[in-house]
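Every chain is numbered from 1 and lettered A, B, ... according to where its sequence line falls, protein lines coming before strand lines. Model, not experiment: these values are computed from the prediction.
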Amino acid sequence: MTSTDPQQPSTAAPDAAPDAAPEQLALLRETVRRARPRARAPQPAAAELPVARVLVDKGLAHLDQYYDYAVPAKMAETAQPGVRVRVRFGARVVEGRRSGGGLVDGFVVARLAASDYPGPLAPLSLVLSPEQVLTPALLRLCRAVADRYAGTLADVLSLAVPPRHARAEADPSPPPLPAPPAPDPGGWDRYPSGAGFLSALAGGESPRAVWTALPGPGWPEEIARAVAATLASGRGALVVLPDGRTTARVDAALTALLGPGHHTALTAELGQEERYRRWLAVSRGSVRAVAGTRAAMFAPVRDLGLLVVWDDGDGSHSDLHAPHPHARDVALLRAAEEGAGVLIGGLAVTVEAARLVATGWARPLVPDREGLRRAAPLVRTVGDLDLARDEAARAARLPTVAWQTAREALARGPVLVQVPRRGYVPRLACARCREQARCAHCVGPLEARGSDSLLHCVWCGRPEADWHCPECGSFRLRAQVVGARRTADELGRAFPAIPVRTSGRDAVLATVPGAPALVVATPGAEPVADGGYAAALLLDGWALLTRPDLRAGEEALRRWLAAAALVRPHAEGGTVVVVAEPTLRPVQALVRWDPAGHAATELQERAQLGLPPVSRMAALTGSPAAVADLLALTRLPPGADVLGPVPVPGPGEPQQRALVRVPPGQGAALATALKAAQAIRFARKQSDPVRVRIDPPDIG
DNA sequence: AGCACGCCGACT
DNA sequence: GTCGGCGTGCTC
């Protein structure tokens with residue numbers, strides 16, 4: 001019965017010649033019934049490896065598994081592992097005949113001689129393109145990322161493989177260029193182990209390092225040299241940067257060092273067609289080096305010799321889409337899979353990177369004292385004590401030291417003024433004791449809305465007419481962070497002859513000329529100045545430091561370093577004024593320019609407190625019942641701790657969040673356990689979902 | 001997730 | 001008798 005059914009080509013005997021008789025019978029039967037006038041003729045199966053294992057790309061979170069399909073003979077050559085296919089999925093078998101089921105896209109992950117599925121196999125409907133985009137290495141990486149983040153393979157694949165574009169596919173990619181010669185160390189000779197790192201790459205080794213980059217404009221070129229050294233060994237290289245602006249800088253440095261043809265930039269802003277065209281050039285082995293933003297971490301560079309992640313503390317390295325993989329962690333997984341070298345670099349050092357050094361997995365690649373002295377600006381602090389004595393600061397909001405530094409520096413070049421974004425922080429706090437101003441009804445944070453500066457609760461919206469501090473009784477609130485625009489106005493009045501430029505969220509300047517000017521920028525939007533800034537003023541440091549976040553100190557230091565690194569060296573008169581308490585650890589780390597030391601201390605403290613990244617955490621968010629249910633179903637690994645659940649603020653249905661914390665080494669077990677529990681809940685068809693996030697970014 | 005099957009009640 | 005409510009379970 002089965003063997004004569006037109007819809008079910010036999011897979012039992014791949015070498016059997018297709019039989020004409022049943023085909024004609026079937027046609028006859030179709031004609032008589034006339035129910036399915038367009039029913040397909042039976043398709044003979046491929047002679048070799050007639051089974052295709054397919055990853056069906058459907059948003060079925062719990063269906064993280066493969067399905068076997070029969071390979072029709074006419075697709076025998078094209079349906080190779082890694083190609084995109086279209087299959088009928090979800091059909092039902094009625095009287096031995098398939099009905100219903102929609103066409104969905106998927107990837108062939110393997111060709112097999114036989115299936116272990118006991119039922120009859122449906123045929124592949126279409127090979128969308130013969131391009132083998134999902135290489136075995138990429139599949140393994142995506143699998144590892146999905147496991148690491150308790151996510152599904154299909155979700156990770158949609159991050160890793162860009163959407164197809166037929167026109168881009170039709171164009172041939174040029175043949176790869178021969179490997180370039182190994183570069184000389186260039187700026188790497190400012191680091192004691194820099195030249196060694198480079199020659200190891202050029203010699204085909206895979207060194208791993210956490211690189212504390214010297215301030216100044218040299219780092220894009222240093223990255224380019226590391227890439228060139230890797231190419232010289234006949235291997236490929238991949239650089240991931242936090243945004244399009246820094247990607248462009250590294251891309252330019254690569255072009256300057258290598259000329260065109262060796263490398264390509266992969267960013268979202270290219271548009272689908274161009275992005276896919278370049279991605280294909282990489283996939284086809286035509287281009288061996290890639291610089292790009294976070295999704296580029298999956299780019300199928302062949303014979304990968306080096307993975308670079310620049311500024312891994314930047315939040316943009318975390319993907320917006322589930323399961324929110326972080327480029328640094330993808331790099332670590334990929335390095336393990338493909339035996340590549342790793343360079344985690346930045347002006348700052350994250351606690352995660354410090355851990356790689358502490359465990360011996362990576363070597364520190366740091367400048368010596370002398371190199372630092374030559375490259376870093378002078379850093380001065382303005383603390384509360386100074387501000388209290390400073391009558392002028394009250395009126396102008398600009399401490400006298402900052403004002404004097406700016407006036408003096410403006411004779412020699414541009415001055416950068418870093419101002420936290422308006423509405424960035426802690427909203428309002430008591431002017432005397434710094435206690436956060438909270439709503440008397442619901443404890444939500446207060447903010448001054450509109451121009452009338454009337455206080456309102458951010459959560460419940462109630463106005464607060466006569467606030468006073470519950471801790472100290474003061475009636476005075478510390479002013480909200482003044483935005484870049486108003487700061488620019490004030491500075492313009494203070495220095496009437498000097499042009500003022502702003503760079504912020506909506507209009508980011510990439511560069512400014514070396515002429516005297518005030519450049520007011522929000523963190524992350526600082527333009528690079530031609531010849532370096534003569535000085536930088538880092539205003540409202542308290543705002544960066546008082547954010548209710550585990551990473552507040554690390555993040556403040558990272559942003560200060562980014563701005564201060566654009567200033568000329570002290571020897572050339574470069575000065576940085578930071579308005580923050582000089583006793584605080586991040587401030588001291590800035591003054592000493594010691595991000596690695598700061599991260600190492602922070603790491604020790606986190607380890608003692610059982611906080612990430614030494615321990616691994618997962619956040620479970622959903623309705624109270626759903627979170628409790630998922631927790632009950634999860635077989636937690638030994639030593640796991642459940643924190644909460646606590647209510648999470650926000651509109652709509654009340655939500656809760658529980659944090660699960662596991663000791664070092666149990667991260668993979670935690671992800672596996674959570675995924676298994678999620679699968680049980682999905683199978684039970686409980687529509688009340690729980691969002692699971694490994695390494696939640698915002699643990700206060 | 002869809003989608004079809006199936007076992008109940010109100011209609012032609 | 002027959003239409004259709006959506007509870008249940010499967011999808012190669």
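- Note on A:Tyr117: a base of the nucleic acid sits closer than 4.0 angstrom, heavy atoms only.
- Listed for the A:Arg606 side chain is no donor-acceptor partner under 3.5 Å among the backbone atoms of A:Leu611.
- The interatomic distance linking A:Gln678 (CD) with B:dA1 (P) rounds to 12 Å, in whole Å.
- Note: CZ (A:Arg86) to P (C:dC12) measures 17 Å, nearest angstrom.
- Salt bridge present: A:Arg148 and A:Asp695 bring a charged side-chain N and a carboxylate O closer than 4.0 Å.
- In this structure A:Leu320 satisfies the side chain to side chain contact (heavy atoms under 4.5 Å, CB included) test together with A:Arg294, sequence neighbours excluded.
- Rounded to whole Å, the distance from CZ on A:Phe107 to C1' on C:dC12 is 18 Å.
- The separation between A:Arg88 atom CZ and C:dC10 atom C1' is 17 Å, rounded to whole Å.
- Paired regions of DNA chain B, where each region holds three or more successive Watson-Crick or G-U pairs whose two hydrogen-bonding distances fall under 3.5 Å, are B:1-11 with C:1-11.
- For A:Arg143 and A:Asp147, the salt-bridge test passes: some basic side-chain N is under 4.0 Å from an acidic carboxylate O.
- Ion pair A:Glu274/A:Arg277 flagged as a salt bridge, since at least one NZ, NE, NH1 or NH2 atom sits closer than 4.0 Å to an Asp/Glu carboxylate oxygen.
- Look at A:Glu338 and A:Arg334 and you find a salt bridge, because one of the NZ, NE, NH1 or NH2 atoms lies within 4.0 Å of a carboxylate O, short of that distance.
- One can place OH of A:Tyr67 at 13 Å from C1' of B:dG2, the figure rounded to the nearest angstrom.
- Spacing between atom CG of A:Leu103 and atom P of B:dC3 amounts to 12 Å, rounded to whole angstrom units.
- Note: CG (A:Asp57) to C1' (C:dT11) measures 16 Å, nearest angstrom.
- Taking atom CZ of residue A:Phe89 and atom P of nucleotide B:dA1, one finds them 13 Å apart after rounding to whole Å.
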